[in-house]
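Both backbone and side-chain heavy atoms feed into the values below; hydrogens, waters and symmetry mates do not. Here is how names work: the chains are called A, B, and so on, in the same order as the sequence lines, proteins then strands, and each is numbered from 1.
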2 protein chains.
Amino acid sequence: MEDRRQEILDAAVDLADEMGLEAVSMRAVAQRTGVTPMALYSHVGSKAELLDGMVGRLLAQLRLPESAGAAMPGGPGPAPDAPGPDWRERLRTLGHSARTLVHRHPWASALLFSRPAVAPDAVRVVDQINAMLRDAGVPSPEVPRLERLVGTVILGFAASEAGGRFGAAEPGCPVDWDAEFEADLDDVLRLVEMTASGKATTSMPGSR
Amino acid sequence: MEDRRQEILDAAVDLADEMGLEAVSMRAVAQRTGVTPMALYSHVGSKAELLDGMVGRLLAQLRLPESAGAAMPGGPGPAPDAPGPDWRERLRTLGHSARTLVHRHPWASALLFSRPAVAPDAVRVVDQINAMLRDAGVPSPEVPRLERLVGTVILGFAASEAGGRFGAAEPGCPVDWDAEFEADLDDVLRLVEMTASGKATTSMPGSR
DNA sequence: ACCTGAACACCGTTCAAGT
DNA sequence: ACCTGAACACCGTTCAAGT
């Protein structure tokens with residue numbers, strides 16, 4: 001029964017949302033689940049695994065924009081020319097979803113930097129971005145690098161907001177963070193376009 | 001005597017370098033300084049302040065590229081036309097310094113996201129980047145946003161490397177991270193140039 | 001297979017006391 | 001002003017024992 005594990009993970013996420021990540025102890029999570037601390041170890045192995053599971057839950061619930069030409073009504077046949085949202089719109093949507101997720105769970109931003117994109121929920125996101133970049137016309141050898149760059153900008157912005165790096169800029173000049181994020185997304189899109197159109201000098205020769 | 005404080009901070013930095021950040025406890029730092037745990041509180045106030053002081057020490061030792069037309073030999077008179085390294089070279093140098101610093105102190109990347117750029121050592125870096133962007137011709141209202149974006153890309157890359165987000169990409173296809181960082185810097189430079197030349201639509205209207 | 005209780009080796013921090 | 005020792009309320013995890 002993996003049911004119990006999910007229950008534990010959800011309790012831990014709720015606890016982090018309400019009291020902060022430092023309040024997430026094996027003992028506190030156990031109490032919230034109505035069980036003894038040691039009972040957790042049958043389901044999560046260790047605290048590190050608990051934290052991994054927590055970000056996994058979050059990534060799983062991240063709503064991804066549907067890829068172009070997918071999820072069309074009218075039968076299982078492929079519809080390769082169906083005009084789904086174009087890559088620009090999909091990338092913006094993904095960016096907004098990710099930022100919203102971090103707003104909702106600020107404690108997650110630090111963990112997202114420290115866990116490799118290895119869990120299926122994480123590779124799902126990576127694959128989505130790769131697909132967008134290919135649709136944009138980015139040459140194949142540049143796709144992985146650009147995927148990491150796009151992820152770094154989006155995640156870095158959200159982490160800077162959540163962690164406080166952007167905090168308390170100028171007291172006399174309040175910053176509109178929504179608008180700034182939009183402008184950053186614009187810049188990222190332009191970068192992708194430039195790489196796609198070959199205006200950028202290819203600075204990544206054969207990997208090796 | 002602020003001397004003792006520095007001694008404590010350095011002991012903590014050494015401890016983090018050797019054993020990781022989780023080994024940095026008040027008790028361990030005290031032992032390394034040859035003092036009782038409680039004696040630390042006269043100098044650092046709390047553990048949070050200790051961590052702040054640690055990143056402060058690191059930022060203070062970050063070697064910044066000399067700004068254009070500064071530190072010229074031959075008297076205190078201003079030499080506004082002295083050709084120091086151009087903004088491109090200075091930004092690359094800063095990027096490499098920051099990445100090298102995080103390589104040397106991987107534990108610092110998480111802290112850099114969670115502390116506002118408020119300490120004098122941090123604003124020193126921010127001001128440097130602002131100066132580079134002005135030299136590049138970025139319009140004034142866009143300078144602060146672009147400073148944050150540049151910082152986010154550089155810090156985000158270093159944090160992804162140090163934290164493990166980039167870890168274990170494809171086993172069959174090793175990635176040259178030095179080359180990737182160089183390519184990312186190229187992209188950032190191009191973005192700055194575009195903003196400077198006004199090719200980018202100004203997406204940040206009057207704040208508010 | 002899952003859960004319990006006691007125990008071990010730790011934490012950050014407060015407090016009264018020393019010099 | 002700076003340091004000490006004891007104490008408080010916590011940690012993650014191991015281990016033997018229960019069902």
Side-chain angles (χ1 to χ4, degrees), chain A residues 1-57 105-108 110-115 119 163-164, chain B residues 1-57 105-108 110-115 119 163-164:
Chain A
M1 295 307 159
E2 282 291 308
D3 230 13
R4 203 62 195 266
R5 182 183 153 90
Q6 309 283 17
E7 193 186 336
I8 292 167
L9 261 26
D10 288 339
V13 167
D14 290 346
L15 198 58
D17 288 345
E18 292 169 20
M19 318 267 293
L21 191 60
E22 74 285 348
V24 177
S25 66
M26 298 300 274
R27 285 164 154 94
V29 173
Q31 188 179 8
R32 206 172 239 256
T33 322
V35 91
T36 230
M38 291 312 101
L40 300 184
Y41 285 84
S42 312
H43 303 283
V44 295
S46 70
K47 182 165 185 190
E49 206 177 304
L50 174 83
L51 296 175
D52 273 333
M54 288 167 71
V55 318
R57 287 296 272 175
H105 313 282
W107 48 268
L111 297 178
L112 286 166
F113 271 109
S114 65
R115 320 263 155 183
Chain B
M1 295 308 162
E2 282 291 305
D3 231 14
R4 203 61 196 269
R5 183 182 152 89
Q6 309 283 16
E7 193 186 336
I8 291 167
L9 261 28
D10 288 339
V13 167
D14 290 346
L15 198 59
D17 288 345
E18 294 169 20
M19 319 267 291
L21 191 60
E22 74 286 347
V24 177
S25 66
M26 298 300 273
R27 286 163 152 96
V29 172
Q31 188 180 9
R32 205 171 239 256
T33 322
V35 90
T36 229
M38 289 313 100
L40 300 184
Y41 285 83
S42 312
H43 303 282
V44 294
S46 69
K47 181 164 185 191
E49 206 178 302
L50 174 83
L51 296 174
D52 272 334
M54 290 169 70
V55 317
R57 287 295 272 174
H105 313 281
W107 49 269
L111 298 178
L112 285 166
F113 271 109
S114 66
R115 319 264 156 182

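Looking at every heavy atom in both residues, A:V24 comes nearest to A:K47 through O-NZ, 2.9 Å. A:T33 and A:R4 make their closest contact through O-NH2, 4.1 Å (heavy atoms, listed as atom of the first residue, atom of the second, distance).
Computed from coordinates, the A:L50 CG to D:dC11 P distance equals 13 Å when rounded to whole Å. Atom NE2 of B:H43 and atom C1' of D:dT4 are 13 Å apart (whole Å). Rounding to whole angstrom units, CE of residue A:M19 and P of D:dC10 are separated by 11 Å. Nucleotide C:dC11 holds its P atom 9 Å from the NZ atom of B:K47, rounded to whole Å. One can place CD of A:Q31 at 10 Å from P of D:dC10, the figure rounded to the nearest angstrom. Between A:M26 atom CE and C:dC11 atom P the separation is 19 Å, expressed in whole Å. Here C:dG12 presents its C1' atom at 14 Å from CD of B:E49, a figure rounded to the nearest Å. Here the P atom of nucleotide D:dC11 and the CG atom of A:L21 are 13 Å apart, to the nearest Å.
When the nearest nucleotides of DNA chain C are assigned to B:Y41 and A:L40 by heavy-atom distance, the more 5′-ward of the two goes with A:L40.
Nucleotide D:dG5: paired with C:dC15 (Watson-Crick or G-U wobble, both distances less than 3.5 Å).
One finds the CG atom of B:D10 at 11.0 Å from the CZ atom of B:R5 (value rounded to the nearest 0.5 Å). Atom CG of A:L50 sits about 8.0 Å away from atom CD1 of A:I8, to the nearest 0.5 Å.
Between D:dA9 and A:R27, no contact under 4.0 Å exists linking OP1 or OP2 to a side-chain N or O. Distances shown here put a side-chain N or O of B:S25 below 4.0 Å from the OP1 or OP2 atom of C:dC11.
Of the candidates C:dT13, D:dT4, C:dC3, C:dC3 carries the atom nearest the A:R4 side chain, counting heavy atoms from C-beta on. The side chain of A:S42 approaches C:dC3 more closely than any other nucleotide in the set D:dC2, C:dT4, C:dC3.
Counting any heavy atom pair closer than 4.0 Å across all strands shown, B:M38 reaches a base atom.
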Exercise for the section: List the steps, then state whether side-chain contact (heavy atoms from CB on, under 4.5 Å) holds for B:R32 with B:E18. Expected result: CA-CA 12 Å; B:R32 205 171 239 256; B:E18 294 169 20; 2.5 Å; yes
